[in-house]
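Since the structure is predicted, the reported quantities are computational estimates derived from the model, not experimental observations. Order of listing sets the numbers, starting from 1, for every ligand and every atom in it.
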Amino acid sequence: MSRIPVHVAFIMDGNGRWAQARGLPRHEGHRRGATVVKKILRIAEKKGIKYATFFAFSSENFSRPESEVNFLMNLFEKFLKKYGKTLCEKEIRFRAIGNLWQLPFNLQFAIENLTQNTARFDRFHLTMALNYGARSEVIQAIGNLLKNKDVDVGNLTWEDFEQYLYTKDLPDPDLIIRTSGEQRLSNFLLLQSAYAELYFTKTHWPDFNEEEFLLAIEDYGTRERRMGKINDKTND
Ligand code: FPP
């Protein structure tokens, strides 16, 4: 059996282009994109992955037209409300990471509710990055760390520092999948992805499916993860 990643993170790109290529409004791409999230979650669980994180909205996405931002905020809220019961039934723990306090109150409320209702679960972890930006995460982490007078800044370790990140309760991603042909991280989990394997596909997110996902997992299984060390067998 090939190696399965513990934590897979997704940069769900290409919703707009998928819709435009079909003469549809961009929001149709987002709507379809949300259904793909559900399907991918089911496959992730089935394959024995334990953590799935989705980059749903970057801090920079707020500069999109107001109508698109509003559509997405409503879509996220509806998704959490509609899917919340299933998450509880399937014992999936939900978290959201990002500058959540800048999100519409209704969405913040839905996030808080679901976070609390699923806090006792550990079988599978679903995380949504909403209004997330890695640089802002780091700046906030440093600010909070410096407020803690007990911290010995001169002897700080990575393990100390990561306690101040949004992801403090999550393992680092093993595999990051980005759809739609762009080959960059776009301010997503920059520190956490230090040793992540990256997988890029030209497929737009609304068309990302089981077959594509299994290909990505299979490809991950072939990667040699040295994490900065030397391979014992080949010494190279
Ligand atoms: C990037 O595609 C996608 C987004 C900015 C939004 C991501 C949101 C979803 C996939 C919906 C997910 C829904 C839930 C409930 C998690 P883009 O619009 O930048 O596409 P483009 O680069 O082709 O314009």
Engineer: Taking the side chain from R223 and the backbone from L198, do they hold a donor-acceptor pair closer than 3.5 Å?
Structural biologist: yes
Engineer: Compute the shortest N/O to N/O distance between R26 and ligand 1 and return yes if it is under 3.5 Å, no if not.
Structural biologist: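 Yes - when backbone and side-chain N and O of R26 are compared with those of ligand 1, one distance drops under 3.5 Å.
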Engineer: Classify the contact between W205 and ligand 1 as side chain, backbone, both or neither, using a heavy-atom distance cut-off of under 4.0 Å.
Structural biologist: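 Answer for W205: side chain.
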Engineer: Scan side-chain atoms only and decide if Q192 and D172 contain a donor-acceptor pair under the 3.5 Å cut-off.
Structural biologist: no
Engineer: Just verifying a value: how many Å separate R42 CZ and T86 OG1, rounded to the nearest 0.5 Å?
Structural biologist: 9.5 Å
Engineer: Of all the non-hydrogen atoms in the protein, which one sits nearest to atom 4 (C) of ligand 1, and at what distance?
Structural biologist: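 Protein heavy atom with the smallest distance to atom 4 (C) of ligand 1: H30 CE1, 3.9 Å.
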Engineer: For ligand 1 and N61, I'd like to know whether there is a polar contact (N/O to N/O, distance under 3.5 Å).
Structural biologist: no
Engineer: Evaluate the ring planes of Y51 and H7, with Trp represented by its six-membered ring, and classify them as parallel (under 30°), tilted (30 to 60°) or perpendicular (over 60°).
Structural biologist: tilted
Engineer: Using distance alone, decide if ligand 1 has a nitrogen or oxygen within less than 3.5 Å of any nitrogen or oxygen in D13.
Structural biologist: yes
Engineer: Which atoms of ligand 1 sit under 4.0 Å from any heavy atom of M128?
Structural biologist: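 Taking each heavy atom of M128 in turn, ligand 1 has 16 (C) under 4.0 Å.
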Engineer: Using heavy-atom distances only, which candidate in G14, A19, S58, P206 approaches atom 2 (O) of ligand 1 most closely?
Structural biologist: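 Comparing heavy atoms across G14, A19, S58, P206, the nearest one to atom 2 (O) of ligand 1 lies in G14.
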Engineer: What part of L80, side chain, backbone, both or neither, has a heavy atom within less than 4.0 angstrom of ligand 1?
Structural biologist: neither
Engineer: Identify the closest protein heavy atom to atom 19 (O) of ligand 1: which residue and atom is it, and at what distance?
Structural biologist: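 Result: R64 NH2, 2.7 Å.
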Engineer: Can you tell me the protein heavy atom closest to atom 7 (C) of ligand 1 and the distance?
Structural biologist: A56 O, 3.3 Å
Engineer: Which residue in the set T127, L130, L126 passes side chain to side chain contact (heavy atoms under 4.5 Å, CB included) when paired with F54?
Structural biologist: L126
Engineer: For atom 10 (C) of ligand 1, which protein heavy atom lies nearest, and how many Å away is it?
Structural biologist: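 The closest one turns out to be N15 ND2, 3.0 Å.
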Engineer: Less than 6.0 Å separating the ring centroids of F10 and F213?
Structural biologist: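 Aromatic pair counts; centres sit under 6.0 Å.
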Engineer: Could you check atom 3 (C) of ligand 1 against the protein and tell me its nearest heavy-atom contact, residue, atom and distance included?
Structural biologist: M12 O, 3.1 Å
Engineer: Work out which heavy atom in N187 is nearest to a heavy atom in R135; give both atom names and the distance.
Structural biologist: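 Answer, listing the atom of N187 first, then R135: OD1-N, 3.0 Å.
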Engineer: Tell me which protein heavy atom sits closest to atom 20 (O) of ligand 1, plus the residue, atom name and distance to 0.1 Å.
Structural biologist: G16 N, 3.0 Å
Engineer: Under a 3.5 Å distance rule, please check whether S193 uses its side chain to pair with a backbone N or O of A196 as donor and acceptor.
Structural biologist: no
Engineer: Which residue and atom name correspond to the protein heavy atom nearest atom 21 (P) of ligand 1, and how close is it?
Structural biologist: R17 NE, 3.6 Å
Engineer: Judged by atom type as modelled, is there a donor-acceptor pair below 3.5 Å linking the side chain of S58 to the main-chain atoms of N61?
Structural biologist: yes
Engineer: Answer with side chain, backbone, both or neither: which part of H204 has a heavy atom less than 4.0 angstrom from an atom of ligand 1?
Structural biologist: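 Within the 4.0 Å criterion, H204 makes no contact with ligand 1.
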Engineer: Could you tell me which residues satisfy side-chain contact (heavy atoms from CB on, under 4.5 Å) with E45, sequence neighbours excluded, listed by chain and number?
Structural biologist: K90, I92, R123, F124
